[in-house]
2 protein chains.
Amino acid sequence: MSGLEGNRKVGRLAPVRRTSTVDLIAERLREAVVDGSLPPGTVLGEAELAYQLGVSRGPLREAMQRLTAEGLLVIPRRRGLAVKTMTPEDVRDIHWLRATIEPELGRRILTLAAADRRTVLAELGAEVKRMQRALRKDDARALGDAYLDFHRVLAGWGGSLRLARMLGTLLIETRLCTFSMFEHFEVHRDLVPEHVAFVEALAADDGERFGILMRAHLEAEVRRLLAEPEDAKEDEADRLLAETPDEPQPLDRLDLPEGL
Amino acid sequence: MSGLEGNRKVGRLAPVRRTSTVDLIAERLREAVVDGSLPPGTVLGEAELAYQLGVSRGPLREAMQRLTAEGLLVIPRRRGLAVKTMTPEDVRDIHWLRATIEPELGRRILTLAAADRRTVLAELGAEVKRMQRALRKDDARALGDAYLDFHRVLAGWGGSLRLARMLGTLLIETRLCTFSMFEHFEVHRDLVPEHVAFVEALAADDGERFGILMRAHLEAEVRRLLAEPEDAKEDEADRLLAETPDEPQPLDRLDLPEGL
DNA sequence: GATAATCAGATTGTCGACAAACTTACAATA
DNA sequence: TATTGTAAGTTTGTCGACAATCTGATTATC
């Protein structure tokens, strides 16, 4: 998951990482969005949320602005903040963007020094193993988490801070897509073999193949999320039946520790 | 420069665009960064800046967070805010990212309906004309502005809101690169023919060629900005001579109207 | 009975103030 | 003379409060 902070000199002390309150709040909110404590569409009042986080409204509002810039939150006028609900159009947009970026990432990883490349493969392999374990246990949550981390590893080794940040956001948005489209996590059995193939392609030094696989995977993801004709008519039906009537979700209690 | 808001129904009223104070401040700051009123490295005090903008520190701080998320500002601990200074590494990073994204954009524009494509070509042509006029007048500022708008048109017609936002930020960062590397605007005569070629490639329906040209242009830009060996040893020397000793730039007065 | 106007409640947007933290300069000591 | 310790000043980080605004419902009128 690292790879960007490789310029640490041995013997010298790395600068202390001091993080501001706003950073902490933003990180907390991001977590809450990723792990589903704040489902899409959730509307939150500033005062209540600030109280739960143990901070005042000032820093909270600053963190909100940051998450808004990342596209995770929307701020309707005079109604606090709401977790962004992804539309089918968003799903397509996000995955199209990922499909342009991630194949390039693979190509770039293959230009790394041999040692680094081995590290990447090891890290990716570890994530795939996590995915396999999760699949065996039918733990959709863990599968999703490993999925995110797999792609974060990719992003981290792309050699671009900016791109890592952007892809990081896109991945959280991907998670939001899942939450927006389904009420619960889905276990996709195809996911693991697909990612095994990614690693194999990289191991075989075949960037071209990696790109093709990645684009195919992302297109498949869009189909799965939008439950488009081909593979899942029944899924669509199930979804519609299981779906709650989408009432304006009331303040969903944040389950966060009191003392920040 | 538009293209994303094409879903406006005739006869229906478009929703009123009400913009919050934070939006206004953020936009003002972005402008100031783009037009050079706030050169890279500028350190600003919150109180002073808030006073100049005619708002209190609260909304200003919120806007700061947003610009920070965009990578335009950095917030050193307890020293207000500073306009980000781009390093050579940033220059390479930004242009590499653009080189990944913008060719794809051309390909996507070519999939547009014929009518839309004509509109794009017209808009791009207009920007090229602006660039030509600017070049004739040796107006580096105007040339740079038209350059930005040319690429913004591209971004706007890519059919992706997210990508338009990202590329928008990258373009502002590009401008910051110029300011970070040189003390003044530079007139690059090659710029205009390069962009004429872009339009021609699109007009000829040749996405492949467009991509190649774009990548070449961006690589050339990096060389120009970093004054790398090939084309500009003397430029490098000139630059070093002309350069001020990079003293911690004191509060550079914002030239903004009082009443917001 | 339906539409418009009014009113109360709640929540945001904004501001002013206080205290903690950091920087810088100066002085004291080894 | 160099280095450490001290102190003052400045600026941020955070909080609490007030007022404007919006929502939702109730009432009055046609």
Side-chain angles (χ1 to χ4, degrees), chain A residues 13 15-29 38 41-69 73-84 247-254 256 258-260, chain B residues 15-29 38 41-69 73-84 246-254 256 258-260:
Chain A
L13 292 175
V16 192
R17 166 87 75 235
R18 282 181 302 188
T19 123
S20 70
T21 307
V22 178
D23 279 317
L24 292 175
I25 299 175
E27 193 47 44
R28 251 315 142 65
L29 288 177
L38 295 177
T42 313
V43 175
L44 296 156
E46 291 180 358
E48 171 72 9
L49 185 56
Y51 172 75
Q52 288 180 19
L53 289 166
V55 296
S56 77
R57 284 173 51 215
L60 171 62
R61 283 177 65 90
E62 291 179 33
M64 280 164 52
Q65 289 298 332
R66 205 180 301 178
L67 286 254
T68 300
L73 257 46
V74 292
I75 306 189
R77 288 190 53 98
R78 299 209 168 256
R79 349 201 77 200
L81 67 163
V83 181
K84 166 129 177 120
E247 57 195 12
Q249 218 145 352
L251 178 61
D252 204 69
R253 287 198 71 80
L254 261 179
L256 302 173
E258 181 68 21
L260 233 207
Chain B
V16 190
R17 167 86 75 233
R18 283 182 300 190
T19 122
S20 69
T21 309
V22 178
D23 280 317
L24 292 174
I25 299 174
E27 191 48 43
R28 254 309 145 65
L29 288 177
L38 295 177
T42 314
V43 174
L44 297 156
E46 292 180 358
E48 171 73 9
L49 185 56
Y51 172 75
Q52 289 181 18
L53 289 166
V55 295
S56 76
R57 284 173 51 218
L60 171 61
R61 283 176 65 90
E62 292 179 32
M64 280 164 52
Q65 289 298 333
R66 206 181 299 181
L67 286 252
T68 300
L73 256 45
V74 289
I75 307 188
R77 300 212 18 123
R78 301 207 165 258
R79 354 198 74 199
L81 66 164
V83 181
K84 165 130 178 115
D246 203 307
E247 57 195 10
Q249 218 147 347
L251 180 61
D252 203 69
R253 287 199 69 81
L254 263 180
L256 302 173
E258 181 70 20
L260 233 210

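Reminder, nothing fancy here: chain letters follow the sequence lines and each chain counts from 1.
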Handout entry: Close side-chain approach of A/L49 to A/L29, heavy-atom, < 4.5 Å
Key = yes

Completion exercise
B/L53 CG to C/dC15 P, in whole Å, measures 11 Å

Practice task
Specify the separation, in whole Å, of atom CG of B/L49 and atom P of D/dT10.
Solution key: 20 Å

Exercise for the section: Can you sort out the partners of B/R61 under salt bridge (Lys or Arg N to Asp or Glu O under 4.0 Å), two or more places apart, ordered by chain and number? Expected result: A/E62, B/E46

Handout entry: Nucleotide D/dG16, atom P - distance to CZ of A/R61 in whole Å
Key = 16 Å

Problem - Note, B/I75 side chain near B/Q65 side chain (heavy atom, < 4.5 Å) - result: yes

Exercise for the section: Compare the minimum distances between each of D/dC15, C/dG13, C/dA20 and the side chain of A/P59, then state the nucleotide with the smallest one. Expected result: D/dC15

Practice task
Select one nucleotide: of D/dA17, D/dC15, D/dG24, the one nearest the side-chain heavy atoms of A/R79.
Solution key: D/dG24

Fill in the blank from the handout: For A/A26 and A/A63, the nearest pair of non-hydrogen atoms, with its separation, is N-CB, 3.9 Å

Fill in the blank from the handout: Regarding the side chain of B/S56, the nearest nucleotide among C/dG13, D/dT14, C/dC15 is C/dC15

Handout entry: A/L24 vs A/V55 side-chain heavy atoms within contact, under 4.5 Å
Key = no

Completion exercise
Here the distance between atom P of D/dT12 and atom CD of B/E48, to the nearest Å, is 11 Å

Exercise for the section: Could you work out which one of D/dC15, C/dA17, C/dG13 sits closest to the side chain of A/R57? Expected result: C/dG13

Problem - Heavy-atom donor-acceptor pair, A/R77 side-chain to C/dG13 base, under 3.5 Å - result: no

Exercise for the section: Take the protein atom CD1 of B/I75 and the nucleotide atom C1' of D/dT12, then report the distance between them rounded to whole Å. Expected result: 11 Å

Problem - Whole angstrom value for the distance that separates P of C/dT12 from CE of A/M64 - result: 8 Å

Fill in the blank from the handout: Separation of C/dC15 atom P from B/E62 atom CD, nearest Å, is 11 Å

Exercise for the section: Please determine if a side-chain N or O atom of A/R78 lies less than 4.0 Å away from the OP1 or OP2 oxygen of D/dT23. Expected result: no

Practice task
Can you tell me the distance, in whole Å, between the CD atom of B/Q65 and the C1' atom of D/dT12?
Solution key: 13 Å

